[in-house]
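Report on one structure; see the data block that follows.
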Amino acid sequence: MSANSSEPTAGLTVVLVKGGRTKIRYPAEVLHDDGTRIAVRAPWAGAGVRDFGFVRFEPGDVFTEYFWRDRWYAVKEVRAGDGTVKGWYCDITRPAVRTGAELVVEDLDLDLWRSADGSDVRRLDEDEFAASGLTEADPGAASAAVAALDTLEALARAGGFADLLA
């Protein structure tokens with residue numbers, strides 16, 4: 001199987017890299033891989049509860065995650081254990097790279113949240129992005145990251161991600 005293969009597998013490991021280091025690795029079930037977009041499903045992989053104030057990620061939550069090989073973001077639908085949609089958490093990333101049974105995604109610090117009812121759309125971690133030094137180290141990537149965040153925010157405010165994820 002070649003890098004970025006679209007061959008389906010039952011599962012893979014998602015590897016989230018941040019600042020050159022692996023932040024988290026977790027197993028996921030592959031739902032779809034058309035060679036450009038990869039959809040996976042995974043339970044909340046964090047340790048315990050993560051309370052952001054506007055949403056809580058906790059054991060039992062299920063994430064349906066969409067990654068692209070040609071876009072600078074990932075969109076994650078978050079559902080509670082009972083199936084209720086909590087919302088969508090979006091990571092600004094470099095395009096995803098799949099090699100065999102691993103999907104590597106480099107987090108670029110910027111994030112976006114959209115609540116299930118669309119009443120809460122918020123940009124996150126802009127301070128971390130500014131402090132990361134990416135603007136100086138890789139201006140092209142920084143520009144692509146900001147453009148991706150702007151795109152996702154516009155979609156979130158215009159009604160959500162249904163067309164993007166269909």
Side-chain angles (χ1 to χ4, degrees), residues 3-6 12-26 28-42 44-46 50 52 54-55 57 61-79 85-99 102-135 137-166:
N4 287 334
S5 170
S6 62
L12 57 74
T13 299
V14 177
V15 181
L16 184 63
V17 176
K18 188 170 181 177
R21 295 187 176 157
T22 298
K23 182 177 175 183
I24 190 169
R25 300 172 65 89
Y26 55 92
E29 171 193 3
V30 177
L31 302 175
H32 180 77
D33 183 351
D34 65 10
T36 301
R37 187 183 76 183
I38 304 164
V40 303
R41 182 170 296 130
W44 165 241
R50 178 131 188 232
F52 291 94
F54 52 88
V55 67
F57 296 161
D61 287 353
V62 176
F63 287 63
T64 302
E65 306 176 350
Y66 301 86
F67 302 93
W68 285 263
R69 292 176 173 95
D70 63 351
R71 299 184 188 180
W72 289 71
Y73 53 76
V75 177
K76 302 172 182 183
E77 179 191 73
V78 183
R79 290 182 180 263
V85 176
K86 291 184 174 186
W88 291 264
Y89 194 90
C90 306
D91 286 318
I92 304 305
T93 68
R94 290 185 190 271
V97 176
R98 181 175 178 183
T99 305
E102 278 195 346
L103 180 67
V104 179
V105 184
E106 184 180 347
D107 186 334
L108 298 178
D109 293 310
L110 293 171
D111 301 297
L112 183 90
W113 170 255
R114 182 187 189 272
S115 62
D117 65 3
S119 65
D120 184 10
V121 175
R122 60 178 72 203
R123 296 165 79 112
L124 304 168
D125 303 328
E126 290 178 298
D127 55 337
E128 288 181 32
F129 178 74
S132 74
L134 187 64
T135 302
D138 190 343
S143 178
V146 171
L149 182 62
D150 291 344
T151 296
L152 289 174
E153 182 178 18
L155 288 170
R157 293 191 185 284
F161 307 110
D163 290 341
L164 183 66
L165 306 179

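Values below: every heavy atom of this structure, side chains too, minus hydrogens, waters and symmetry copies.
- To the nearest 0.5 Å, the span separating CZ on F161 from NZ on K76 amounts to 13.0 Å.
- A 4.5 Å side-chain heavy-atom check between D70 and P95 finds every atom pair outside the cut-off.
- Looking at L155 and W88, their side chains never come closer than 4.5 Å, going by heavy atoms from C-beta outward.
- Counting heavy atoms from C-beta outward, D138 and R94 have side chains that approach closer than 4.5 Å.
- Remark: Y26 pairs with no residue by the ring-ring contact (aromatic ring centres under 6.0 Å, His included) rule, at least two apart or across chains.
- Not counting sequence neighbours, the partners of F63 by the ring-ring contact (aromatic ring centres under 6.0 Å, His included) test are W44, F57.
- With values rounded to the nearest 0.5 angstrom, I38 atom CD1 is found 11.5 Å from L31 atom CG.
- Distance check, rounded to the nearest 0.5 Å: CG of D107 to CG of D91 gives 5.0 Å.
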The test is side chain to side chain contact (heavy atoms under 4.5 Å, CB included); show your working for L108 and W72 and say whether it passes. CA-CA 9 Å; L108 298 178; W72 289 71; 3.7 Å; yes
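- One distance of note links CG of D61 with CZ of R79; it measures 11.5 Å at 0.5 Å rounding.
- Residues satisfying the side chain to side chain donor-acceptor pair (under 3.5 Å) criterion with K23, sequence neighbours excluded, are absent altogether.
- I92 is listed as a side-chain neighbour of L152, based on a closest heavy-atom distance under 4.5 Å.
- To the nearest 0.5 Å, atoms CZ (R41) and OG1 (T64) are separated by 4.0 Å.
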Could you list the donor-acceptor pairs under 3.5 angstrom formed by side chains in residues 13-20, with sequence neighbours left out?
{"residue": "K18", "atom": "NZ", "partner": "D109", "partner atom": "OD1", "Å": "3.1"}
{"residue": "K18", "atom": "NZ", "partner": "E128", "partner atom": "OE1", "Å": "3.1"}

Carefully, step by step, assess R25 and E102 under the rule side chain to side chain contact (heavy atoms under 4.5 Å, CB included). CA-CA 9 Å; R25 300 172 65 89; E102 278 195 346; 2.6 Å; yes
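- For R69 (side chain) and G35 (main-chain N/O), a donor-acceptor pair under 3.5 Å exists by modelled atom type.
- Residues forming a ring-ring contact (aromatic ring centres under 6.0 Å, His included) with Y73 (at least two apart in sequence, or on another chain): W68.
- Listed by first and then second residue, the side-chain hydrogen bond (donor to acceptor under 3.5 Å, both in side chains) pairs involving residues 149-166 are R123-D150, R123-E153, E153-R157 (not counting sequence neighbours).
- Rounded to the nearest 0.5 Å, atoms CZ (R122) and CH2 (W113) are 9.5 Å apart.
- By the 4.5 Å heavy-atom criterion applied to side chains, Y89 and V55 are not counted as neighbours.
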